[in-house]
Amino acid sequence: YAESKNGEAVGGAIYAEDATIRLMADDGKVSYISGNYTKNGDKIDDNAIYLDTGNLIFDVKNGSAIQVDDNINGQDYRTIIAGDKDSGVILNNDLNGSYRVYPGEGYTEASFADELFKNTTSLKQIVIPTSTTTFGRKVFENSGLTSLDIQNNITTIGTDMCYNCSDLTSVTIDSPTLELNSGAFMNCSNLTDINIVSVNKLQTSAFYNTGAETITVPASCVLINTGCFNKCSNLKTLTIGATELKDHMVNSSTQLESIELLDTVTTIDSTCFQGCPEPLIINIHKSEGSITGSPWGAGSGVTINWGVN
């Protein structure tokens with residue numbers, strides 16, 4: 001506990017300025033951290049940890065966990081999560097302040113459990129360790145994340161991972177085995193830079209209501225599922241190398257001017273282009289008739305050109 005001055009708390013239960021706070025657990029048990037209390041048990045501060053400038057390190061190993069039951073607060077600090085895949089950090093309240101999160105090497109799925117940073121609006125950047133392979137559901141939902149770099153160690157991104165991240169402006173995806181699950185970047189309306197170098201599958205509504213003007217899906221992709229690019233109000237040019245395109249892929253993207261379908265496209269759902277704006281030009285690199293079902297739900301104002309190089 002900590003004494004108060006005039007009934008007001010002086011800082012967190014753990015308080016430091018321009019320092020490194022290292023919280024360690026390796027006994028296979030759960031360690032708990034909460035806010036400040038008086039000797040009589042009255043809470044006087046909702047901050048479990050308060051740090052002005054420095055590093056906050058969670059170092060958990062051997063099946064241990066550190067559970068923080070009150071707020072983490074401060075300014076200009078960074079949080080580092082280290083340890084092993086069988087251990088965890090449980091955050092039951094807000095993380096506030098200006099900081100970045102650096103999960104340590106060897107700390108895999110547990111670093112990115114379901115809803116880990118949900119509603120953490122002060123989270124701006126995150127560095128993903130090469131050992132990480134999976135993100136859970138809603139990990140960054142409604143957070144303050146501004147950019148994300150997903151490299152080839154990542155195989156699965158959970159449903160709604162970055163749902164409603166209005167500060168997110170840039171995403172790079174370069175993982176040929178990655179399945180981007182439903183709604184992963186849904187309602188990230190300011191996501192204007194979408195750079196897909198390689199990916200395996202884009203599931204339903206993965207980029208619904210995002211803000212890019214130009215998007216290219218490479219040939220490594222085998223599936224673009226239903227409504228993947230619906231209501232992308234700024235989207236003008238869409239280039240696709242994916243093998244299979246499902247229904248209503250780009251419905252209500254009102255500024256769309258052209259779609260380029262590369263030689264690697266083999267299957268298009270009968271309603272794939274239903275709800276596309278008109279006029280619209282669809283350029284297909286394959287010879288006429290090599291993909292069955294034309295015009296795949298497109299209206300009379302859509303021009304389809306075959307054999308375009």
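In this chain, numbering begins with 1 at the start of the sequence shown.
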Name every donor-acceptor pair, under 3.5 Å, that has one atom in a side chain of residues 135-150 and the other anywhere in the protein, sequence neighbours excluded.
| unit_1 | atom_1 | unit_2 | atom_2 | d |
| --- | --- | --- | --- | --- |
| K138 | NZ | E141 | OE1 | 3.2 |
| K138 | NZ | D160 | OD2 | 3.4 |
| N142 | OD1 | N164 | ND2 | 3.4 |
| N142 | ND2 | N119 | OD1 | 3.0 |
| S143 | OG | F140 | O | 2.9 |
| S143 | OG | L145 | N | 3.4 |
| T146 | OG1 | K124 | O | 3.1 |
| D149 | OD1 | Q151 | NE2 | 2.3 |
| D149 | OD2 | Q151 | NE2 | 3.3 |

Note, K286 side chain near I291 side chain (heavy atom, < 4.5 Å): yes
With S170 via side chain to side chain donor-acceptor pair (under 3.5 Å) - residues at least two apart: D193
For E244, all residues meeting side chain to side chain donor-acceptor pair (under 3.5 Å), sequence neighbours excluded: K246
By side-chain contact (heavy atoms from CB on, under 4.5 Å) - contacts of P295 (at least two apart): A298, I304
Residue pair F185, V171: steps toward the side chain to side chain contact (heavy atoms under 4.5 Å, CB included) verdict: CA-CA 9 Å; F185 295 101; V171 168; 3.6 Å; yes
Backbone of T159 reached by a side-chain donor or acceptor of N181 within 3.5 Å: no
Derivation and outcome, side chain to side chain contact (heavy atoms under 4.5 Å, CB included), residues N190 and L168: CA-CA 6 Å; N190 293 311; L168 187 64; over 6 Å; no
In one Ile/Leu/Val/Met/Phe/Trp/Tyr side-chain cluster, 4.5 Å: W306, L245: yes
Exam field: side chain T169 to backbone L191, donor-acceptor pair closer than 3.5 Å: no
Non-hydrogen atoms of S253 and K231 that approach each other most closely: OG-N, 3.5 Å
Interatomic distance, C165 atom SG to N187 atom CG [nearest 0.5 angstrom]: 10.5 Å
Non-hydrogen atoms of T254 and S233 that approach each other most closely: OG1-O, 4.3 Å
Residue pair I259 / I281, side-chain heavy-atom distance below 4.5 Å: no
Report, one line per pair, each donor and acceptor closer than 3.5 Å where one atom sits in a side chain of residues 214-227; sequence neighbours left out.
| unit_1 | atom_1 | unit_2 | atom_2 | d |
| --- | --- | --- | --- | --- |
| S220 | OG | V199 | N | 3.0 |
| S220 | OG | V199 | O | 2.9 |
| N225 | ND2 | Q203 | OE1 | 2.7 |
| T226 | OG1 | D247 | OD1 | 2.7 |

Verify same cluster id: V197, I157 (apolar side-chain graph, 4.5 Å): no
Heavy-atom side-chain contact between L178 and T156 under 4.5 Å: no
From L261 atom CG to I284 atom CD1, the distance as rounded to the nearest 0.5 Å: 5.5 Å
ILVMFWY clustering at 4.5 Å (side-chain atoms), partners of V308: none
Atom pair CD (Q255) and CG (L235), whose distance is rounded to the nearest 0.5 Å: 9.5 Å
Side-chain hydrophobic cluster, 4.5 Å single linkage: members besides Y208: Y163, M186
Minimum-distance pair of heavy atoms, taken over all atoms of V250 and C276: CG1-SG, 3.2 Å
Would you give me the side-chain donor-acceptor pairs under 3.5 Å for residues 266-275, sequence neighbours excluded?
| unit_1 | atom_1 | unit_2 | atom_2 | d |
| --- | --- | --- | --- | --- |
| T266 | OG1 | T243 | O | 3.2 |
| D269 | OD2 | T271 | N | 3.1 |
| D269 | OD2 | T271 | OG1 | 3.1 |
| Q274 | OE1 | H248 | NE2 | 2.8 |

Residue pairs passing the ring-ring contact (aromatic ring centres under 6.0 Å, His included) test where at least one lies in residues 226-245, sequence neighbours excluded: F207-F229
Check: L56 and I72 side chains under 4.5 Å, non-hydrogen atoms: yes
From C232 atom SG to N251 atom CG, the distance as rounded to the nearest 0.5 Å: 11.0 Å
Close side-chain approach of F58 to V68, heavy-atom, < 4.5 Å: yes
Separation of I282 CD1 from L238 CG (nearest 0.5 Å): 10.0 Å
Partner set under side chain to side chain donor-acceptor pair (under 3.5 Å) for T303, not counting sequence neighbours: none
Sidechain-backbone polar pair: T155 side chain, T133 backbone, donor-acceptor under 3.5 Å: yes
Joint hydrophobic cluster, I240 plus L262, side-chain heavy atoms closer than 4.5 Å: no
Show the atom names and distances, to 0.1 Å, of all donor-acceptor pairs under 3.5 Å that link a side chain in residues 16-32 to residues at least two apart or in another chain.
| unit_1 | atom_1 | unit_2 | atom_2 | d |
| --- | --- | --- | --- | --- |
| E17 | OE2 | Y15 | OH | 2.6 |
| R22 | NH1 | D59 | OD2 | 3.4 |
| D27 | OD1 | K29 | N | 3.0 |

Side chain to side chain donor-acceptor pair (under 3.5 Å) partners of N305, counting only residues at least two apart: N283
Donor + acceptor pair across side chains of S198, D174 (<3.5 Å): yes
Reported CE-to-CG distance for the pair M249 and L202, which is rounded to 0.5 angstrom: 10.5 Å
